[in-house]
Structure formats: C-alpha cells, structure tokens
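The structure presented is a predicted model; accordingly, all values stated were derived computationally and were not measured. Just so you know, residue 1 is the first one in the sequence shown, and it goes up from there.
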Amino acid sequence: MLAHGWTCDSSVWDAVVRELGPEYRVVRYDQRGHGRSPHGSARSGPQQLAEDLCAVLEAVVEPGGRAVVAGHSMGAMAVVSAANCAAFRERVVAAVLCSTGMDGLADRATVLPLPTVRLRRAAQSSLLRSLLPLGPVNRVSVRALAYATLGPSPPPGAREHIARMAHACERRGRAAWGAALAELSAYEAIGDLTVPTAVVHGTADRLTPPVHAQRTVARLSRPEPLVLVRGAGHMTPLEAPACVAAVINGLTDRYGKGAPVV
C-alpha cells in the first residue's frame, strides 16, 4: 500500500507507480483529511493512521495474501503505528519508509534555521499547527513550499505538484494532523516493525533531516541497507521515483513474489 504524507495526496506516488511496472497490483489511498478523503470526527494521531491503513489492508488483501507496504513521511508513520495490528502482521511481508521521522520533528527540522533547539521547536511547531490559509498558488507560495520540501534540483513540475496538493488540503485537517506530528513520539514503536524494512531518505531533507533515517535504521528489527538519495529533499517519491520503485521492487522480489504490491 502506498501511503502518502502530510498535505499531500495519492498523486504523490504517480511517478513511482509508473516505474513499478504492470506485473503487480498497486493500491493507493488518500489519508483522512487529504485528497478525496474527508477528515471526519476522529482524533488525528498515530492510532487513527494505523486504523485507516489496516482498514485498507483488510479491504484489498485477502487473508493469506502478502503485501509490500510503502509510506512517505506521515504515511511511513502510519506503517510504524500499524505494525502491531493483526491485519498488518497477517498480510504485510516487507515495508519501505520514505523521508520520515518518529519523534522530535519540530526540534530537528531545519526549515527555519534558528540557532537553538528551543527556538526551532517553538517556531516549527507553530508552523505545523497553523490554521492560516496558504493563500493563492503563485510564484511566492510555490517557491516557499519548494524551499521547505525539495532539494536544490527537483525534477520538472515537482514544485507545482507540491503546491497544488498543499493548497488543496483543507486547512483544519492540515492543522489537526500538523499538531499530531508536532507531538509525535513513536521512536520506540519502530521496534515493533518486525518485517524486512528499507529506509529511503534525501540528503537535503529540511523537514526530516537525515539523522532521522539513521535513528530509524538503528531501531529496526530487520533493517535493509539505508538508501540515501543525494541532493533530494523531503519528497523522495517525486524527486527520486526510480530509486523508490527499485527499493519496492527489490523487497517484492525477495519477500513477496506472487503477492500484490499494496
């Protein structure tokens, strides 16, 4: 299952899906409060991410079926949060975590290059929780979002794609999930992920700097070799789709042959 991140939607995986090839079934879904999925009345947080991911797994993978699950950013947090759920343990044979962190997100982000952890935590937590509208899609807003999310040389169209997704995300849902991310403390839960797991991370990621990837790999029960994408920012499915697809295909070949890529 290809699970997208905060303020994105399932289209963030478009280029990865094209690279995966036609031999596997690929399922994507819009996170609650993103894309075509309404936010509803449920509280935003890891438990809801896990429940939603497992609901999709149960809907698309028959008992006894096997799936490789990939998550980007908040989608990877959903993968970790779901690791102890019965549906996940029964159906998932491998996982991919792209551009993510499980704690200290506001502390470690470098979107606002402030000199102390305390200042970074306060300012970047406020950004995550903000209810302010993003305003129109224009040159300034596109550049600001690109600075926060992309590396220095993104592929054509990536800046505009990110702006469209972020501006389409309803602001109350955006703020609710942003608040959940600011409070996230799920590092210990990484150890519950007992399937073979690959981590893909950009070296120029400002939202979740590469220290998150190193800490995640150190906590995994069955880590695959860490894949660092030189020059990529936070949006590895958009910036390095061939690399992400190769990692998914590699796990599928080794652990899930004959299974759908979900």
Residue pairs involving residues 96-121 (criterion side-chain hydrogen bond (donor to acceptor under 3.5 Å, both in side chains); sequence neighbours excluded): Ser99-Thr236, Asp103-Arg108, Asp103-Arg215, Asp107-Arg121
Inter-residue atom distance Arg66.CZ - Tyr255.OH, 0.5 Å rounding: 13.0 Å
Pairs touching residues 72-84 that satisfy side-chain hydrogen bond (donor to acceptor under 3.5 Å, both in side chains), sequence neighbours left out: Ser73-His234, Asn84-Arg89, Asn84-Asp192
Under 3.5 Å: donor-acceptor pair, side chain of Arg174, backbone of Cys169: no
Minimum heavy-atom distance Pro237-Val12, with the two atoms named: CB-O, 3.6 Å
Under 3.5 Å: donor-acceptor pair, side chain of Glu170, backbone of Gly173: yes
All side chain to side chain contact (heavy atoms under 4.5 Å, CB included) counterparts of Ser221, not counting sequence neighbours: Thr194
Inter- and intrachain pairs under salt bridge (charged side-chain N to carboxylate O under 4.0 Å, His left out), touching residues 128-138, at least two apart: Arg129-Glu183
Transitive ILVMFWY side-chain link Val17 to Val247, under 4.5 Å: yes
4.5 Å side-chain heavy-atom contact, Ser10 and Gln31: no
With sequence neighbours excluded, residues passing ring-ring contact (aromatic ring centres under 6.0 Å, His included) with His4: His34
Side chains of Val199 and Val227 in contact at under 4.5 Å (non-hydrogen atoms): no
Under 3.5 Å: donor-acceptor pair, side chain of Asp205, backbone of Pro210: no
Salt bridge (charged side-chain N to carboxylate O under 4.0 Å, His left out) contacts in which one or both residues fall within residues 219-246, not counting sequence neighbours: Glu188-Arg219, Glu224-Arg254
Residue pairs involving residues 99-146 (criterion ring-ring contact (aromatic ring centres under 6.0 Å, His included); sequence neighbours excluded): none
Donor-acceptor under 3.5 Å (Arg206 side chain, Thr149 main chain): no
Side-chain donor-acceptor pair present, Thr252, Asn249, cut-off under 3.5 Å: no
Show me, pair by pair, the donor-acceptor contacts under 3.5 angstrom made by side chains of residues 45-58, not counting sequence neighbours?
from  : atom 1 : to    : atom 2 : distance (Å)
Gln47 : NE2    : Glu51 : OE2    : 3.0
Gln48 : NE2    : Asp52 : OD1    : 2.9
Asp52 : OD1    : Arg32 : NH2    : 2.8
Asp52 : OD2    : Arg32 : NE     : 2.9

side-chain hydrogen bond (donor to acceptor under 3.5 Å, both in side chains): pairs with one or both residues in residues 155-169, sequence neighbours excluded: Ser11-His161
Matching residue for Val79 among Val69, Val195, Thr197 - test: side-chain contact (heavy atoms from CB on, under 4.5 Å): Val69
Transitive ILVMFWY side-chain link Val217 to Tyr187, under 4.5 Å: yes
Backbone N/O of Ala109 and side chain of Gln124: donor-acceptor pair under 3.5 Å: yes
Nonpolar side-chain network containing Val117, other nodes, edges under 4.5 Å: none
Student check: side-chain heavy atoms of Val26 and Leu20 closer than 4.5 Å: yes
Main-chain N/O of Tyr29 paired with Ser37 side-chain donor or acceptor, under 3.5 Å: no
Side-chain heavy atoms of Thr203 within contact of Val229, under 4.5 Å: no
Below 3.5 Å, can you tabulate the donor-acceptor pairs from side chains in residues 90-98 to any protein atom, sequence neighbours excluded?
from  : atom 1 : to    : atom 2 : distance (Å)
Arg91 : NE     : Val61 : O      : 2.8

Verify same cluster id: Leu207, Ile162 (apolar side-chain graph, 4.5 Å): no
Any donor-acceptor pair under 3.5 Å from Ser130 side chain to Leu128 backbone: no
Pairwise ring-ring contact (aromatic ring centres under 6.0 Å, His included) hits with a residue in residues 84-125, at least two apart: none
